[in-house]
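Values reported hereafter were calculated over all heavy atoms of this structure, with side chains retained and with hydrogens, waters and symmetry mates removed. Numbered from 1 within each chain, the chains take letters A, B, ... in sequence-line order.
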Amino acid sequence: MAPVKKDEILHDHNHDGIDRRGFLRCMAWAGTGALCVLEGGVLKSYALGHAGEMGGKISKGELTFMQISDSHMGFDKPANTDVIGTFKAAIDKINALPVAPEFILHTGDLTHLAAAEEFDALEQMLKDCRTKQVFYVPGEHDILNDNGAMYRDRFGRGTRGQGWFSFDQKGVHFVGLVNVQGVTEGGLGVLGGEQLDWLEKDLAPLSAETPLVVFAHVPLWMVYPKWGWGTDDGTKALALMKRFGSVTVLNGHIHQVMQKVEGNVAFHTARSTAFPQPAPGSAPSPGPMKVADDKLRSLLGIRNVTFKRGEQRLAVIDTPLQG
Amino acid sequence: MRTVLTAFVAGAALACVIAPSVAQKTAIPVTIDNFVFSPERLTVKVGTTVTWTNHDDIPHTVAAKERAFKSKVMDTDESFAFTFATPGEYTYFCSLHPHMTGTIVVEGTAGSGATQ
């Protein structure tokens, strides 16, 4: 996929005859998550710490939900010896919102080593979150001992295959995909034929005007293949979504915010609640990035980007856990 | 992990008894630093035990392409050992980070590796 210039996001895509108001955008990704508000068919995003800026918008919104990612329960290395504390900070941010989001998407790596007590910790902590409904997809860390059997038993009930599923909320079709199973040497994330067949059938009955939100752990687009940050057969999944006017892809895995818009597809990766990773190519390898203690929570959180598109203001305002 | 290690250590001992002239008696190390197996390509005699040790702050695994061996997850400073009783070329990767790959070349005659 060729890189898209920043200003292409400002272009109108009406040449395809698809109602612009159906185009989902979810533009704000904070270290702790982002709040997405579907307003009149347009998805806008706000960072958690900027709930006040939203004013009454949430209450008028048709749909609000959260994305959190890479909580890595059990991680205890110097990059963050208190992943419980930072995850709690994320929950506190959600609880402080003026209106409760309808549900949460957790885009994988719930745990660091897929241990039962790590899954327990996550489950216990989420009981303190006022938003009770959480949809999960697994990360590679969640399946490393048993090919994901425990994960699926506890967090993937009712899903298909290795844990993929879809659901509808207020006219938006959500698809959770698994791209951490069946990897092969030298490869990247993989969806596999069985899942792609299911996806094709799942999308078939939908009209092209249906907004799609697709979420998976590893980025579906080629962020940085050298570090494994991409999905080998991601383009096959995206080809199945080509006819849709509005596709928003939400991923985790790389522990940092990256965005890209290509045609009607907007790609976003979220930050971790546990530890940051280096920017692609900026270090010898990926992995937990050590920073000064007083810097950690700000790195897990802050980034502000604002796009203006015609009369629609698309704000990207990331929120630090602290600062 | 312990059970697996024990099994392979026992295998190594057996290999040494039957083919003492070709097997390395001490384990040959492969380290994992910054998501790289080092050495990336290693040649050993049949019957040699290879020990992988993870020095990263993130867990890794070692999984052979043809499923000849597969470690459990190795967290920081944990190791996995495997004894190569059959000559051949074994390519492997980390099942968590499949872009990480390595190769073990096991030299020797088929007969000298008939301990498995």
Locate the shortest heavy-atom distance separating A:Gly187 from B:Pro98; write the atom from each residue and the value.
O-CG, 3.2 Å
Within a strict 4.5 Å, meaning less than it, do heavy atoms of the B:Asp57 and A:Lys290 side chains meet?
yes
Is there a side-chain contact between A:Lys77 and B:Asp56, using heavy atoms and a 4.5 Å cut-off?
no
Looking at side-chain heavy atoms only, is the closest gap between A:Pro288 and B:Ile58 below 4.5 Å?
yes
Rounded at 0.5 Å granularity, tell me how far OG in B:Ser95 sits from CD in A:Gln181.
10.0 Å
May I ask you to name which of A:Thr184, A:Asn145, A:Ile143, A:Val218 has the most heavy-atom pairs under 4.5 Å with chain B?
A:Thr184
So B:Val36 and A:Ser285, do their side chains get closer than 4.5 Å, heavy atoms only?
no
With a 4.5 angstrom heavy-atom cut-off, is it the side chain or the backbone of B:Asp75 that approaches chain A, or both, or neither?
side chain
B:His97 side, atom NE2; A:Glu140 side, atom CD - distance, nearest 0.5 Å:
5.5 Å
So, the part of A:Leu113 with a heavy atom under 4.5 Å from chain B: the answer is side chain
Of all heavy-atom pairs between A:Trp227 and B:His99, which one has the smallest distance, and what is that distance?
O-CE1, 3.3 Å
Whether over 12 other heavy atoms sit under 6.0 Å from A:Glu123 CD
yes
Please report the interatomic distance CG(A:Asp146) to NZ(B:Lys72), rounded to the nearest 0.5 Å.
10.0 Å
Please give me the minimum heavy-atom distance between A:Pro286 and B:Phe35, naming the atom from each residue.
O-CE1, 2.8 Å
For A:Arg154, look at atom CZ and say whether over 12 heavy atoms of other residues, nucleotides or ligands are found less than 6.0 Å away.
yes
Please check if atom CG in A:Asp293 has more than 12 non-hydrogen atoms from other residues, nucleotides or ligands closer than 6.0 Å.
no
